[in-house]
Asker: 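Quick one: structure below, then a few questions.
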Amino acid sequence: MNRVNLLIMGPPGAGKGTQADLISERYAVPHISTGNMFRDILKDSSNELARELRKYVEKGELVPDDVVLKMVRARLLNNDSKKGFILDGFPRTMSQAKSLDLLLKEIGREIGLAVYLEASLDVILERLTGRRVCMHCEANYHIKYSPPEEESVCDRCGGELYQRDDDKEATIKRRLEIYGNQIEGILLFYKNMGCLFKVSGDLSAEEVFQAVKNKLEQSNIKTV
Ligand code: AMP
């Protein structure tokens, strides 16, 4: 059965990953994060693709569209995405948004809801500079708001926590600049499609999730 097909967009630090995890669990759809896919590839430094991607990801630059598209295409054609998906961090350019639209048409699917998390600069900077990520399972923590029980150790799997290279202040500014250059066109694209839903990413994770759930229910989007 076709379940919910969702996008989650917003600036770095708006809480996309957290919401995508909650949605993935609640609606039993895979959380597809292009950022996580790239970080996984980078773990293997002997890999030629990793060497190529590192120059983009560590500096906060966008990976070329053709590389991202190939990866997302393969992922969406995967069996587990047939029941629905939550895409996090994709699309990030107009060209990606249009290619996604074509791909979905090709497989007879459409986006049910494109969630956009708006967040203020202060909140973004505080969240990103305090963010720590598990090297092993990618779980996210915050040194002040959601610290692990034992410093630098993941509660979920015991993996070591680290600060992403692109969460350092100079790189955050570059990521926000790139993001700002692309987002307006993408938002208009989904607004015209009638599926854009804006929520404040400054709210707590529970409040944002509640708003998304309410919207899905009100819109009669099939979720089971
Ligand atoms: P994220 O975890 O979503 O912040 O992504 C981390 C990094 O991965 C970004 O700064 C980009 O270098 C790369 N990346 C992730 N998603 C995309 C995308 N849709 N297009 C191009 N680059 C991406």
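Just so you know, ligand 1 is whichever comes first in the structure, and atom 1 is the first atom listed for that ligand. As a basis for the values below, the full set of heavy atoms in this structure was taken, side chains included, without hydrogen atoms, waters or symmetry mates. The structure presented is a predicted model; accordingly, all values stated were derived computationally and were not measured. For reference, positions follow the sequence shown, starting with 1.
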Asker: Check this for me - ligand 1, Leu62, N or O atoms closer than 3.5 angstrom, yes or no?
Answerer: no

Asker: State plainly whether the residues Asp66 and Lys70 are in salt-bridge range, i.e. N to O under 4.0 Å.
Answerer: no

Asker: Number the atoms of ligand 1 from 1 as they appear, then name those within less than 4.0 Å of a heavy atom of Thr34, with their elements.
Answerer: 15 (C), 16 (N), 17 (C), 19 (N)

Asker: Identify whether the distance between the nearest side-chain nitrogen and carboxylate oxygen of Lys43 and Asp40 falls below 4.0 Å.
Answerer: yes

Asker: Between Lys55 and Glu58, is there a side-chain N and carboxylate O pair less than 4.0 Å apart?
Answerer: no

Asker: Can a donor-acceptor pair be found, under 3.5 Å and without considering hydrogens, that links the side chain of Asn140 to the backbone of Thr18?
Answerer: no

Asker: Could you see which bit of Lys16 sits under 4.0 Å from ligand 1, with heavy atoms only: side chain, backbone, both or neither?
Answerer: neither

Asker: With atoms numbered from 1 as shown, which atoms in ligand 1 lie under 4.0 angstrom from a non-hydrogen atom of Glu61?
Answerer: 11 (C), 12 (O)

Asker: Please identify which atoms of ligand 1 are closer than 4.0 Å to at least one heavy atom of Arg164.
Answerer: 1 (P), 2 (O), 4 (O), 6 (C)

Asker: Return the option from Glu138, Arg92, Gln182 holding the heavy atom at the smallest distance from atom 4 (O) of ligand 1.
Answerer: Arg92

Asker: For Ser152, is there any backbone N or O sitting under 3.5 Å from a side-chain donor or acceptor partner on Arg132?
Answerer: no

Asker: Ignoring hydrogens and angles, tell me if any N or O in the side chain of Ser146 forms a donor-acceptor pair with the backbone of His142 under 3.5 Å.
Answerer: yes

Asker: Considering only non-hydrogen protein atoms, determine which one is nearest to atom 13 (C) of ligand 1 and report residue, atom name and distance to 0.1 Å.
Answerer: Phe38 CD1, 3.6 Å

Asker: Could you please spell out the steps behind the side-chain contact (heavy atoms from CB on, under 4.5 Å) verdict for Leu6 and Leu216?
Answerer: CA-CA 10 Å; Leu6 294 179; Leu216 282 170; 4.0 Å; yes

Asker: Give the atoms of ligand 1, by number and element, whose distance to some non-hydrogen atom of Gln96 is under 4.0 Å.
Answerer: 18 (C), 19 (N), 20 (N), 21 (C)

Asker: Have a look at ligand 1 and work out which part of Glu58, if any, has a heavy atom under 4.0 Å from it: side chain, backbone, both or neither.
Answerer: neither

Asker: Out of all atoms in ligand 1, which are within 4.0 Å of some heavy atom of Arg175? Include the element for each.
Answerer: 4 (O)

Asker: Please state which protein non-hydrogen atom is closest to atom 6 (C) of ligand 1 and give its distance, to 0.1 Å?
Answerer: Arg39 NH1, 3.5 Å

Asker: With a 4.0 Å cut-off, would you call Asp167 and Arg175 a salt bridge?
Answerer: yes

Asker: So which heavy atom in the protein is nearest atom 7 (C) of ligand 1, and how far is it from that ligand atom?
Answerer: Val57 CG1, 4.0 Å

Asker: Indicate yes or no: does Lys213 engage Glu217 in a salt bridge with an N to O separation below 4.0 Å.
Answerer: no

Asker: Is Val63 touching ligand 1 with its side chain, its backbone, both, or neither, if touching means heavy atoms under 4.0 Å apart?
Answerer: both

